[in-house]
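Here is the structure we will look at, set down as structure tokens.
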Amino acid sequence: MDELHIKNHFVPECYLKRWADSDQQIYFYRTLVSHENVPVWKKCHVGAIAYHKHLYTRMVSSEESDELEKWFDSKYEAPATEALEKVVLNQRLTVNDWRILIKFLAAQDVRTPARLYEHLRRSRESLPKILEDTLKKLKEKLEGGEKLDITKQKAPDKTTFLLPLKVTTESIPGEKVGVIKTETYVGRGTWLFSIRHLLENTSKILFTHKWTIVKPAKGFKWFTSDNPVVKLNFKDPQNYDLKGGWGKNKGNIIFPIGPEHAMFVQIGDKPMQRGTSTPSQKF
């Protein structure tokens, strides 16, 4: 049997190594330390940071599965290695290179602990209403005499199986009515479902944007973080936020690929010329 991958890097090594030295060491800044005398900057190997154990592990038939971790590697990380190298070497990118880079960006935007936190907060508010509305529509169809032929339903895909959803039915003896009950929870399971759904469906909108590779402002370097895709809404230096989206008109998406290169788009606008240095701005 294959070894179970329990050390799940939410920022992969193939990406972080763009900031590493010849020994594959990287400096990282900690926003939380155990004591005021602990240095906030630390140097370590790229494989020793940006991971959590069992972040993507789930239970399948009472056994731990690392299928999602392997899926990230085979579909997003491994294909991006060559394209990332082309960017930092200032080589020409093909249409396929761009598709691979955009898919890699999408994966990096949805798989971090910061996105898990956002999912939990958002889903606790929205999921009860979604289930309620779905059951209401089903009730109306059944009361209207519509028959549901399960033999004609589409076979569930792998994404469906990720959703922690239990549906039960109860019949009432002597009555022509019954009860349909759905149960779920908001947690890591619903997040893993949303990741796969976003990457296989919603992320297609990213291919419609006009991307380019930009340089940092003169005298600066691009840095990255444990949540590396920046979605910026900017009006002026006093009026901006980082709550942008994949298809939000005039919004900026910035994804550093190395100290000297970043993917950039201003949604709805023509792309900047490749290699343009971003302007500096004092706040």
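Here the structure is a predicted model, which is why all the values come from computation and not from measurement.
Side chains of Gln108 and Pro12 form a contact here, defined as non-hydrogen atoms less than 4.5 Å apart. Inter-residue side-chain proximity for Trp98 and Phe207 is flagged as unmet; no heavy-atom pair is nearer than 4.5 Å. With a 4.5 Å cut-off on side-chain heavy atoms, Lys43 and Ile26 do not count as touching. Residues Lys103 and Lys75 are in side-chain contact: their nearest non-hydrogen atoms beyond the backbone lie under 4.5 Å apart.
Between the side chains of Tyr56 and Arg188, no donor N or O sits under 3.5 Å from an acceptor N or O. Side chain to side chain, Tyr29 and Ser225 fail the donor-acceptor criterion of an N or O pair below 3.5 Å.
Two different hydrophobic clusters hold Ile205 and Ile100 under the rule that ILVMFWY side chains link at heavy-atom gaps under 4.5 Å. No continuous path of hydrophobic side-chain contacts links Tyr51 to Trp191 [ILVMFWY only; heavy atoms under 4.5 Å]. Hydrophobic clustering (ILVMFWY, side-chain heavy atoms < 4.5 Å, transitive): Tyr27 and Trp222 are in distinct clusters.
Contact record, Ser194 with His119: OG-ND1, 3.7 Å, taken as the closest heavy-atom pair. When all heavy atoms of Pro271 and Thr212 are compared, the pair lying nearest together is CB-CB, 4.4 Å. For Leu55 against Arg111, the heavy-atom pair with the smallest separation is CD2-O, 4.1 Å. Between Thr81 and Cys14, the shortest heavy-atom distance links the atoms OG1-CB, 4.3 Å.
For Asp66 (side chain) and Glu69 (main-chain N/O), no donor-acceptor pair under 3.5 Å exists by modelled atom type. Judged by distance alone, the side chain of His209 and the main-chain N or O of Trp211 form no donor-acceptor pair under 3.5 Å.
Taking Arg30 as the reference, Phe28, Val33, Val38, Lys42 meet the side chain to side chain contact (heavy atoms under 4.5 Å, CB included) condition, with sequence neighbours excluded.
Other residues, nucleotides and ligands contribute more than 12 heavy atoms inside 6.0 Å of the CZ atom of Arg274.
A salt bridge does not link Lys70 to Glu67: none of the charged side-chain nitrogens sits closer than 4.0 Å to a carboxylate oxygen. A salt bridge is defined here as a Lys NZ or Arg NE, NH1 or NH2 lying under 4.0 Å from an Asp or Glu carboxylate O, and Lys129 with Asp133 meets this definition. One finds no salt bridge joining Lys17 and Glu13 here, because no Lys/Arg side-chain nitrogen approaches an Asp/Glu carboxylate oxygen to under 4.0 Å.
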Tell me which donor-acceptor pairs under 3.5 Å the side chains of residues 242-261 have, and how far apart each pair is, sequence neighbours excluded?
from   : atom 1 : to     : atom 2 : distance (Å)
Trp246 : NE1    : Asp109 : OD2    : 2.6
Lys250 : NZ     : Asp269 : OD1    : 2.6
Asn252 : ND2    : Gln266 : OE1    : 2.9
Glu260 : OE2    : Lys221 : NZ     : 2.2
His261 : NE2    : Val87  : O      : 3.3
His261 : NE2    : Asn90  : OD1    : 2.8
His261 : NE2    : Lys215 : NZ     : 3.4

From CA spacing to verdict: side-chain contact (heavy atoms from CB on, under 4.5 Å), Arg58, Leu192: CA-CA 9 Å; Arg58 64 189 187 94; Leu192 298 181; 4.3 Å; yes
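Using cut-offs of 30° and 60° for the angle between ring planes, the Phe193 and His197 rings count as parallel.
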